[in-house]
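One structure is given below, encoded as structure tokens.
Predicted, not measured: the structure shown is a model, and the values here were computed from it. Residue numbers start from 1 in every chain, and the chains themselves are labelled A, B, ... in the order their sequence lines are given, proteins ahead of strands.
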Amino acid sequence: GQQVMQIPQYQHVQEGEDFTTYCNSSTTLSNIQWYKQRPGGHPVFLIQLVKSGEVKKQKRLTFQFGEAKKNSSLHITATQTTDVGTYFCAGPYGNQFYFGTGTSLTVIP
Amino acid sequence: NAGVTQTPKFQVLKTGQSMTLQCAQDMNHEYMSWYRQDPGMGLRLIHYSVGAGITDQGEVPNGYNVSRSTTEDFPLRLLSAAPSQTSVYFCASSSGLAGPYYEQYFGPGTRLTVT
């Protein structure tokens, strides 16, 4: 079954608004990764978080890894039309790698 | 470096036909995997390999076979195509001998339709 749950499934925002997607794992993860997939494209790696409570920033994107290493979030400040796409979290379970169901972000200009 | 390449980009099959989706990487990555992507389902792991000669099943392996004779290549075979296998297929690779603990590099995908 699905090991990694992600909410919301869809999010529509006005350009300039903030956006957050949440990821929850059924078990503790050694690390969590985030990917972005543009419409018609393939997933592209954004970042990896490893430490409990870790926070990393990439320009307007802020990534957090929960204290228990079972949840994570991605926050985008002041969205732009270039942020459009689906954002996936993913984590390893043994030798297998599971992706969340993704959050599809639409930015309305 | 070409990264991860996949062929073909598009394919239409009739029910019962077989075919092989090709995947190759030139980054000397040990870990390779195949995913299928369906609307609302995210990416689901079909099969993976931790090195040449070693493969294992993922979440949705039924109807698919894989082999890994070289580090570079990881083909996915559909034995007898069914409409339920209509999907977008992605191949991915990552470095690291211990498993998928590093960045995954994805190929451009193969869009398969089974009629």
From the list A:Tyr98, A:Tyr35, A:Phe88, A:Phe97, side-chain contact (heavy atoms from CB on, under 4.5 Å) with B:Leu43 holds only for A:Phe88
B:Gln57 versus chain A, heavy atoms under 4.5 Å apart: side chain, backbone, both or neither? backbone
A:Tyr22, OH: over 12 other non-hydrogen atoms inside 6.0 angstrom: no
Contacts of residues 70-80 of chain B with chain A (heavy atom under 4.5 Å): none
Donor-acceptor pair, side chain of A:Gln33 and main chain of B:Tyr102, under 3.5 angstrom: yes
Joint hydrophobic cluster, B:Leu21 plus B:Met32, side-chain heavy atoms closer than 4.5 Å: yes
Which distance, rounded to the nearest 0.5 Å, do you find between the CG of A:Asn95 and the OG of B:Ser33? 11.0 Å
Quick check: is B:Val60 connected to B:Val88 through a chain of hydrophobic side chains (ILVMFWY, heavy atoms under 4.5 Å apart)? no
Interchain contact, B:Tyr35 with chain A, by part (heavy-atom threshold 4.5 Å): side chain
Which bit of B:Tyr48 comes within less than 4.5 Å of chain A, counting heavy atoms only: side chain, backbone, both or neither? side chain
Please determine whether residues B:Val4 and A:Leu46 belong to a single hydrophobic cluster, defined as Ile, Leu, Val, Met, Phe, Trp and Tyr linked transitively by side-chain heavy-atom distances below 4.5 Å. no
From NE2 (A:His42) to CD (B:Gln37), nearest 0.5 Å: 12.0 Å
Following the transitive rule for hydrophobic clusters with a side-chain heavy-atom cut-off under 4.5 Å over Ile, Leu, Val, Met, Phe, Trp and Tyr, establish whether B:Val114 and B:Tyr89 coincide in one cluster. yes
Which atoms of A:Gln6 come close to chain B, meaning under 4.5 Å heavy atom to heavy atom: side chain ones, backbone ones, both, or neither? neither
Within-4.5 Å side-chain heavy-atom neighbours: A:Tyr93 and B:Glu59: no
Hey, quick one: are B:Tyr105 and A:Ile47 part of the same hydrophobic cluster, counting side-chain heavy atoms closer than 4.5 Å, chains of contacts allowed? no
